[in-house]
Amino acid sequence: NLFKYMIILIGFPTSGKTTLGHLISVKLDKTFIDLDDLFKKNIQMTPEQYIKTYSFNKYRKIEYELLKYSINLKYDIISTGGGIAEYKLSRDLIKNYNIIYLVKNKYLLHKDIFSRFPYLYTESFDNLYNRRHGYFMETTYNYYYIKHKHKQLSINDTADDIINKYVTLISLWFHEF
C-alpha cells in the first residue's frame, strides 16, 4: 500500500513546510505537493485572500478536500497549510500517515505570523499557539525542532538533518516501494 508511507509535514505558518518538503522530495526523488499551492491553483485565490473574503471555516473545508485529494493521488510528501489541524476531519485523516511536525521557536513564530498575516488573526497569539500546538502534538510522535540563531543550519543542512533523523521511517518507506 504505497500511500501508507507518505510523509505529511505539519506546523505553523512560516515553519518551513513548503521549502523543506520540496527540498526533501528532490533529495529523495519523491513526489511533492503543497496544499497552499494546490488551493491557489484550484480556487484562483491565495488561502489568505480566501480567508479574508470568506472565512477560516470555509477555507478549512476546502483544505480538507484538497488533503483527501492529495492523499488519493498518492503524493509521497505533502506540505499542509499552517492551520490544517484546526479542522477535526483533517486531524483525524492525517493521524493515519507519517507526520512530521516542524516546530519553530515560539517567539519567532509570533513575530513572523503577525508581521506576515496581521489581518488574519483576531485572537491573541498565545491562544492561537496553545490550541494549534496541542492539535499538532495530538496527531504525531515525530517532531523536528527548527534551529535558529546560533544553532542555525542552512536549509539544505536542515533537509539533510530531517532525512537523517527519520532514517528508520524513510528506509522503511524505501523498502516498501
Side-chain angles (χ1 to χ4, degrees), residues 3 5-51 59-60 62-64 66-67 69-71 73-87 90 94 97-118 120-121 125 128-129 132-133 135-137 139-167 169-170 173-174:
F3 65 10
Y5 297 103
M6 71 179 48
I7 293 174
I8 301 176
L9 299 174
I10 62 172
F12 282 89
T14 76
S15 63
K17 299 176 301 294
T18 301
T19 303
L20 288 166
H22 175 72
L23 188 54
I24 291 167
S25 73
V26 168
K27 287 176 173 284
L28 298 175
D29 193 26
K30 298 294 177 188
T31 59
F32 169 75
I33 192 158
D34 176 72
L35 290 186
D36 287 346
D37 288 344
L38 185 61
F39 184 90
K40 286 182 245 180
K41 181 180 174 186
N42 284 281
I43 306 299
Q44 303 297 310
M45 295 175 91
T46 66
E48 295 82 16
Q49 291 167 328
Y50 189 88
I51 292 164
Y59 170 72
R60 296 289 171 231
I62 295 171
E63 184 182 45
Y64 169 71
L66 293 173
L67 175 63
Y69 171 80
S70 299
I71 288 170
L73 287 181
K74 302 176 184 172
Y75 279 93
D76 298 316
I77 300 172
I78 300 173
S79 169
T80 65
I84 192 85
E86 292 271 10
Y87 196 61
S90 294
I94 65 176
Y97 298 92
N98 299 305
I99 310 299
I100 299 174
Y101 171 23
L102 299 178
V103 182
K104 185 175 176 180
N105 174 284
K106 187 176 175 180
Y107 169 78
L108 293 174
L109 272 176
H110 182 267
K111 180 177 158 253
D112 293 346
I113 289 174
F114 284 96
S115 66
R116 188 167 161 200
F117 309 110
L120 286 183
Y121 300 102
F125 176 75
L128 174 73
Y129 180 85
R132 284 193 185 175
H133 181 68
Y135 289 150
F136 290 141
M137 298 290 281
T139 63
T140 186
Y141 297 107
N142 300 313
Y143 314 110
Y144 181 81
Y145 291 88
I146 302 296
K147 296 173 179 55
H148 292 284
K149 298 197 178 190
H150 66 281
K151 296 179 183 176
Q152 187 76 25
L153 295 176
S154 72
I155 197 70
N156 193 54
D157 290 341
T158 300
D160 288 341
D161 196 38
I162 290 171
I163 290 167
N164 291 334
K165 181 170 179 156
Y166 297 100
V167 71
L169 170 66
I170 291 169
W173 184 32
F174 279 122

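Since we're looking at a predicted model, the values are computed, not measured. All heavy atoms count here, side chains included; hydrogens, waters and symmetry mates do not.
For the pair Arg132 and Glu86, the salt-bridge criterion is met [side-chain N within less than 4.0 Å of a carboxylate O].
Residues passing the side-chain contact (heavy atoms from CB on, under 4.5 Å) test with Asp34, sequence neighbours excluded: Thr18, Phe32, Asp36, Asp37, Ser79. In terms of the side-chain contact (heavy atoms from CB on, under 4.5 Å) criterion, residue partners of Thr31 (sequence neighbours excluded) are, by chain and number, Tyr75, Asp76. Shown here are the ring-ring contact (aromatic ring centres under 6.0 Å, His included) partners of Tyr50, two or more places apart in sequence or in another chain: Phe39, Tyr54.
Put simply, the side chain of Asn164 gets close to the backbone of Asp160: a donor and an acceptor are under 3.5 Å apart. The closest donor-acceptor contact from the side chain of Lys17 to the backbone of Gly11 lies under 3.5 Å.
Listed here is the closest heavy atom pair of Ile77 and Lys30: CD1-CB, 4.5 Å. Shown here for Asn156 and Leu23, the closest heavy-atom pair between the two residues is CA-CD2, 3.7 Å. Residues Ile84 and Ser90 approach most closely at O-CB, 3.3 Å, considering heavy atoms. Looking at every heavy atom in both residues, Leu20 comes nearest to Ala159 through CD2-N, 3.8 Å. Here the closest heavy-atom approach between residue Ile99 and residue Thr139 is recorded as CG1-O, 4.0 Å. Nearest heavy-atom pair across Phe136 and Gly82 is CZ-O, 3.2 Å.
Using a 4.5 Å cut-off on side-chain heavy atoms (C-beta onward), Thr19 and Ile155 make contact. Counting heavy atoms from C-beta outward, Thr80 and Ile8 have side chains that approach closer than 4.5 Å. When side chains are defined from C-beta on, Pro13 does not count as touching Asp112, because their heavy atoms never get closer than 4.5 Å.
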Q: Just do the side chain to side chain contact (heavy atoms under 4.5 Å, CB included) check on Leu73 and Ile71 with the steps written out, would you?
A: CA-CA 5 Å; Leu73 287 181; Ile71 288 170; over 6 Å; no

Q. Going through the checks in order, is the side chain to side chain contact (heavy atoms under 4.5 Å, CB included) test met by Met6 and Asn98?
A. CA-CA 6 Å; Met6 71 179 48; Asn98 299 305; over 6 Å; no

**Q.** Ile163 and Leu28: CA distance, side-chain angles, deciding distance, side chain to side chain contact (heavy atoms under 4.5 Å, CB included) verdict
**A.** CA-CA 9 Å; Ile163 290 167; Leu28 298 175; 4.2 Å; yes

Q) Would Phe12 and His133 satisfy ring-ring contact (aromatic ring centres under 6.0 Å, His included), going step by step from the backbone distance to the final call? A) CA-CA 8 Å; Phe12 282 89; His133 181 68; 7.2 Å; no

Q. Can you list the steps and then say if Leu9 with Ile78 is a side chain to side chain contact (heavy atoms under 4.5 Å, CB included)?
A. CA-CA 6 Å; Leu9 299 174; Ile78 300 173; over 6 Å; no

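In this structure, OH in Tyr69 is found 11.5 Å from CG in Leu35, a value given to the nearest 0.5 Å. Atom OG of Ser15 and atom CD1 of Ile113 lie 8.5 Å apart (nearest 0.5 Å). One finds the CD1 atom of Ile62 at 4.5 Å from the CD1 atom of Ile43 (value rounded to the nearest 0.5 Å). To the nearest 0.5 Å, the span separating CD on Gln49 from NZ on Lys40 amounts to 9.0 Å. Atom CG of Leu109 sits about 9.0 Å away from atom CG of Leu128, to the nearest 0.5 Å. Summarising the geometry, atom CD1 belonging to Ile51 is positioned 8.0 Å from atom OG1 belonging to Thr46; distances are rounded to the nearest 0.5 Å.
Side-chain rings of Tyr129 and His110 stay apart, their centers remaining 6.0 Å or farther from each other.
Within a 6.0 Å sphere centred on NZ of Lys27, heavy atoms belonging to other residues, nucleotides or ligands number more than 12. Around atom NE2 of His22, no more than 12 heavy atoms belonging to other residues, nucleotides or ligands sit under 6.0 Å away.
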